[in-house]
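Take a look at the structure below.
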Amino acid sequence: MQKLKVSLLAASFSIAFSVHAADVEVLHWWTSGGEAKAAVELKKMLEAKGHKWKDFAVAGGAGDNAMTALKTRVVSGQPPAAAQIKGPSIQEWGDEGVLASLNDVAKKENWDKLLPPVVANVMKYKGNYVAAPVNVHRVNWLWVNPDLLKKANAKVPTTWDEFFITAAALQKAGIQPLAYGGQPWQDATVFEAVALGVGGSDFYKKAFIQLDPATLSSANMIKALTTYKKLKPYTDKNAPGREWNLATSMVINGKAAMQIMGDWAKGEFLAAGKVPGKDFLCVAAPGTAAAYTFNIDSFAMFKLPNKEAEKGQKDLAITLMSPAFQEIFNLNKGSIPVRQGMDMSKFDDCGKKSAEDFKATSTKGSLLPSWAHGMAMRSATQGAVADVISQFWNDDSMTAQQASVKLAAAAKVK
């Protein structure tokens, strides 16, 4: 992130729009089916506390477009009350001195006891809470249309070797094997799952968390890149530029058999009236059953010139962490509650499995932040690494070895 001019921010506060006690402007990118339903529920709960929800929704780009809009607003001295920000990006905004403290709310609501330490630390800047988490997404899911696999007499793959056998059988039966959205963040999401499945948790940590140059250019990485590129013949010609939810709809509507995507995809299946275990299957991406890549949605609060607005921000934070919102939000979104000790009886088998695996992997060292979704790297590094993956996917002349060398170089971008 380019360093913001804090002096400009302070000077421009004098011309910032007025935020009344009843106005809470929230920037988010929950604009598709299951996500949009979750946003509506949050609006209802906040307005029940006497505030007015001001929607600042920015679609597309897995939040990239939203972050561009946020930078413009903050530089002009017109930050929203809250913005959907996550992972290391919270620290980057903290460095700018523009985030508001939530320590009083966190202490009153016992956040340190309700949140796992790995999550709580992400929500803090220099030991102070500045953001409220709402969920845990598992990223390394494979979504399957079982009817299509049955037509091709193919089985659900548990390894990448099995995946290509299944994909070939589907293609032979005239069925599109893989629903794919050709956008940089989706390229990164799929490659992340492939790399984890090929190399394992330790390889993933060294490559994408520690950014070890030797691992990024290793034989294991070349194998992961080669495996990833082998997926391309099983995607369709309309994949470039396709939004993720449109790819999910291909699986829902029987136009494609499988999709590699985080569990926000489940919200699309549920919104379409589909039943897990019957109409669709949720299984770990090939080779990754013993690991869990996570993505946590959270809202950071921005310093505002109006003290009255702080009440709305704090009520929003309390609402986000409340048992009622954690339950209804995650039931709609397809994720699981970040708040510990929640009753999971209303959740479907996919949600229960996710919660079980989240707990199990946290004790085995295979609970891993998703680099593709901004949980492991600073934004500039993540963008550079993701660019290499997209270049490799789209450039048939680039070899896996060349791509691995570029990955090692991209990891040095700060």
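Values in this document were obtained by computation on a predicted structure and should not be read as measured data.
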Exactly one of Thr288, Asp357, Thr361 clears side-chain hydrogen bond (donor to acceptor under 3.5 Å, both in side chains) with Arg138, and that residue is Asp357
Are any of the side-chain heavy atoms of [X] and [Y] separated by less than 4.5 Å?
X: Pro80; Y: Leu70; value: yes
X: Leu407; Y: Ile389; value: yes
X: Asn330; Y: Phe347; value: yes
X: His28; Y: Asp55; value: yes
X: Tyr204; Y: Thr293; value: yes
X: Glu268; Y: Ser249; value: no
X: Leu99; Y: Phe302; value: yes
X: Trp29; Y: Met67; value: yes

Gap between atom [atom2] of [Y] and atom [atom1] of [X] - 0.5 Å precision:
X: Leu281; Y: Trp141; atom1: CG; atom2: CH2; value: 11.0 Å
X: Asn110; Y: Leu115; atom1: CG; atom2: CG; value: 10.0 Å
X: Tyr234; Y: Gln176; atom1: OH; atom2: CD; value: 11.5 Å
X: Glu327; Y: Ser345; atom1: CD; atom2: OG; value: 7.0 Å
X: Asp263; Y: Lys353; atom1: CG; atom2: NZ; value: 13.5 Å
X: Gln91; Y: Ile85; atom1: CD; atom2: CD1; value: 11.0 Å

| Parallel, tilted or perpendicular for Tyr228 and Tyr180, by the 30°/60° rule? | tilted
inquiry  = Check the orientation of Phe329 and Trp30. Use parallel for under 30°, tilted for 30 to 60°, and perpendicular for over 60°.
reply    = tilted
Does [X] reach the main-chain N or O of [Y] with its side chain, forming a donor-acceptor pair under 3.5 Å?
X: Trp160; Y: Pro286; value: yes
X: Glu192; Y: Ala372; value: yes
X: Lys303; Y: Gly97; value: yes
X: Asn145; Y: Val251; value: yes
X: Lys314; Y: Val105; value: no

Quiz prompt | Check: Tyr125 ring centroid to Trp93 ring centroid under 6.0 Å | solution = no
Check [X] against [Y] and note the closest heavy-atom contact, atom names and distance.
X: Met377; Y: Gln382; result: SD-CA, 3.8 Å
X: Met342; Y: Pro323; result: CE-O, 3.4 Å
X: Ala81; Y: Val24; result: CB-CG1, 3.9 Å
X: Val338; Y: Met321; result: CG1-SD, 4.3 Å
X: Leu367; Y: Ser362; result: CD2-CB, 3.6 Å
X: Ala291; Y: Ser201; result: CB-OG, 3.6 Å

Margin query: What verdict does the side-chain contact (heavy atoms from CB on, under 4.5 Å) test give for Ser335 and Asp297, after you've listed the backbone C-alpha separation in whole Å, the side-chain angles of each residue and the deciding distance to 0.1 Å?
Written below: CA-CA 10 Å; Ser335 46; Asp297 286 315; 5.8 Å; no
For Phe269, run the side-chain contact (heavy atoms from CB on, under 4.5 Å) check against Val275, Asp279, Thr248 and tell me which one passes.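 Considering Val275, Asp279, Thr248, a side-chain contact (heavy atoms from CB on, under 4.5 Å) with Phe269 is found only for Thr248.
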Exactly one of Phe208, Trp244, Trp185 clears ring-ring contact (aromatic ring centres under 6.0 Å, His included) with His373, and that residue is Trp185
Self-check item: Ionic contact status for Asp315 with Lys311, cut-off 4.0 Å
Solution: yes
Regarding Lys266 and Asp348, does a basic nitrogen lie under 4.0 Å from an acidic carboxylate oxygen? yes
For [X], does the [atom1] atom sit with more than 12 other heavy atoms under 6.0 Å from it, leaving out its own atoms?
X: Lys232; atom1: NZ; result: yes
X: Lys124; atom1: NZ; result: yes
X: Asn253; atom1: CG; result: yes
X: Lys346; atom1: NZ; result: no

